[in-house]
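In what follows, a single structure is set out as structure tokens and then discussed.
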Number of protein chains: 2
Amino acid sequence: MSRKANTLSDDDAASALDSSLHNLVGYVLRRAQMKFFSNLAARLEAYDIRPAQFTALTIIEQSPGLMQAELARALAIEPPQAVLLVNKLEERGLAMRVRSNPDKRSYGLFLSKAGEQLLKQLKTVVQQSDLDSSSALSAEEREQLLALLGKLYRDE
Amino acid sequence: MSRKANTLSDDDAASALDSSLHNLVGYVLRRAQMKFFSNLAARLEAYDIRPAQFTALTIIEQSPGLMQAELARALAIEPPQAVLLVNKLEERGLAMRVRSNPDKRSYGLFLSKAGEQLLKQLKTVVQQSDLDSSSALSAEEREQLLALLGKLYRDE
DNA sequence: TATTGTTATACTCTATAACTATA
DNA sequence: TATAGTTATAGAGTATAACAATA
């Protein structure tokens, strides 16, 4: 099979693949992602936490003091969404905006003690959900999958 | 590495992995899926077609005469969403509801000639988008990925 | 009584433009 | 003038309850 530039002639398109949705990476990605997402969302519901909020907590933990704009970029969301997200975390006492930078327009974001403690719990829940949703795979297959998916979206 | 039942002790959770998001299949799935989806949506915009509409057209082509309830199940959407989706396809003259079944509550769904022709075009666009978004993978890696993802969501 | 399709509604997520305060 | 954060708003997408027609 040639893959010079992964280009597709009109001829190929007509015949190629079995024209089934299951040969589109985008389609199977979406189906798989929906499964993971709904399982995770259901488990996090007990903590009144959305998947995106968990991700935000994790990023803040990894980069304490980061700005909202940086958080937005890391989450691949727009700044206005980041505002609402951080509002919720702050209301719940899980994270804080600290006006400490030389640039007085921006905040540094930090986890509160309560945020750190909750996050520790959530990590167990999230990892269990992840293993659960991928229980059809062996440990080696799971690693393979992580590696392949990583290639797909790294250095965009 | 043991994987008896893919279960996680509290001890594991604390130490395991580098606790990074990139070791969660759900997270990397979501990031990859977003990339595929936005690329696809952008390309289909020229045809005023959403990804879900393309999927619907493909399913109707593969199972002409199917009921809306069946389409909804195949798309993993709720019946009210299927109504709106089919309305749009019918308004645009791409598909038709035909009251032909013995059960007079339901319709059979069919592509129009125009729908078939547009779908043929769209398939080229969609496959090109899919190859494009997965250009970081070799052909063999792409096949591997399709197989692994298939395992994840088949027979739920 | 149950089911197909439908309407109405509401809630989340997302995207954009416009504003404020700092720079 | 440019940037960080914010507000307001509108558009998708999605979920649920309730209804009509048919079974």
Side-chain angles (χ1 to χ4, degrees), chain A residues 26-27 30-31 33-42 44-45 48-56 60 63 65-91 95-110, chain B residues 26-27 30-31 33-42 44-45 48-56 60 63 65-91 95-110:
Chain A
Y27 180 77
R30 171 156 168 78
R31 297 299 294 243
Q33 198 263 326
M34 282 173 58
K35 181 182 173 179
F36 276 72
F37 190 87
S38 57
N39 183 308
L40 178 61
L44 290 180
E45 211 168 44
D48 194 20
I49 286 282
R50 313 295 160 126
Q53 293 174 329
F54 166 77
T55 306
I60 295 172
S63 306
L66 86 168
M67 299 193 311
Q68 256 182 223
E70 294 172 331
L71 178 65
R73 226 174 304 120
L75 286 168
I77 63 178
E78 298 300 314
Q81 289 179 65
V83 173
L84 304 178
L85 205 163
V86 174
N87 282 351
K88 265 275 180 285
L89 297 179
E90 212 173 23
E91 284 165 25
M96 308 163 300
R97 292 185 242 239
V98 181
R99 253 288 119 99
S100 56
N101 296 337
D103 183 336
K104 295 223 167 58
R105 291 170 300 182
S106 67
Y107 305 106
L109 299 177
F110 297 90
Chain B
Y27 180 77
R30 171 156 168 76
R31 298 298 295 240
Q33 197 263 327
M34 282 174 59
K35 180 182 173 178
F36 277 72
F37 191 87
S38 58
N39 184 308
L40 179 61
L44 290 180
E45 211 168 44
D48 194 19
I49 287 283
R50 314 292 161 130
Q53 293 175 329
F54 166 76
T55 307
I60 296 172
S63 307
L66 86 168
M67 299 192 311
Q68 256 182 224
E70 294 171 330
L71 178 65
R73 226 175 304 120
L75 286 168
I77 63 178
E78 299 300 314
Q81 290 179 66
V83 173
L84 304 178
L85 204 163
V86 174
N87 282 351
K88 263 276 178 283
L89 297 180
E90 214 175 21
E91 284 166 24
M96 308 163 299
R97 292 184 243 239
V98 181
R99 196 132 264 178
S100 56
N101 295 337
D103 184 336
K104 295 226 167 55
R105 289 171 303 184
S106 67
Y107 305 104
L109 298 177
F110 297 90

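Bear in mind the structure is a predicted one, so any value in this text is a computation, not a measurement. Protein chains get the first letters and strands the later ones, always in sequence-line order, with residue 1 at the start of each.
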- Query: How do A:A76 and B:G108 order along DNA chain C: which one's closest nucleotide is nearer the 5' end?
  - Reply: B:G108
- Query: Given atom CD of B:E45 and atom P of D:dA12, what is their separation to the nearest angstrom?
  - Reply: 10 Å
- Of A:S106 and A:P80, whose nearest nucleotide on DNA chain D comes first from the 5' end? A:S106
- Do the side-chain N or O atoms of B:R50 get closer than 4.0 angstrom to the phosphate oxygens (OP1, OP2) of D:dG11? no
- Message: Assess whether a salt bridge exists between B:E91 and B:K88, defined as any Lys/Arg side-chain N lying under 4.0 Å from an Asp/Glu carboxylate O.
- Response: yes
- Query: Using a cut-off of 4.0 Å on non-hydrogen atoms, how would the nucleic acid contact of A:R30 be classed: base, sugar-phosphate, or nothing?
  - Reply: sugar-phosphate
- Message: On DNA chain C, does the nearest nucleotide to A:P51 precede the nearest nucleotide to A:K104 from the 5' side, or the other way round? Give the residue.
- Response: A:P51
- Note on the structure: A:R105 atom CZ is separated from D:dT6 atom P, nearest whole Å, by 13 Å
- Query: C:dA21 phosphate, OP1 or OP2: any side-chain N/O from A:Y107 under 4.0 angstrom?
  - Reply: no
- Message: Considering every strand and a 4.0 Å limit on heavy-atom distances, what is the contact class for A:P102: base, sugar-phosphate, or nothing?
- Response: sugar-phosphate
- Length of the CD-P vector between B:Q68 and C:dT3, whole Å: 17 Å
- Starting at atom CG of B:L71, determine the distance to atom C1' of C:dT6, rounded to an integer number of angstrom. 15 Å
- Query: Counting only side-chain N and O atoms of B:Q81, is one of them less than 4.0 Å from OP1 or OP2 of D:dT14?
  - Reply: yes
- Task: Would you classify B:R99 as touching base, sugar-phosphate or nothing, given that sugar-phosphate means primed atoms plus P, OP1 and OP2, and contacts are heavy atoms under 4.0 Å?
- Result: nothing
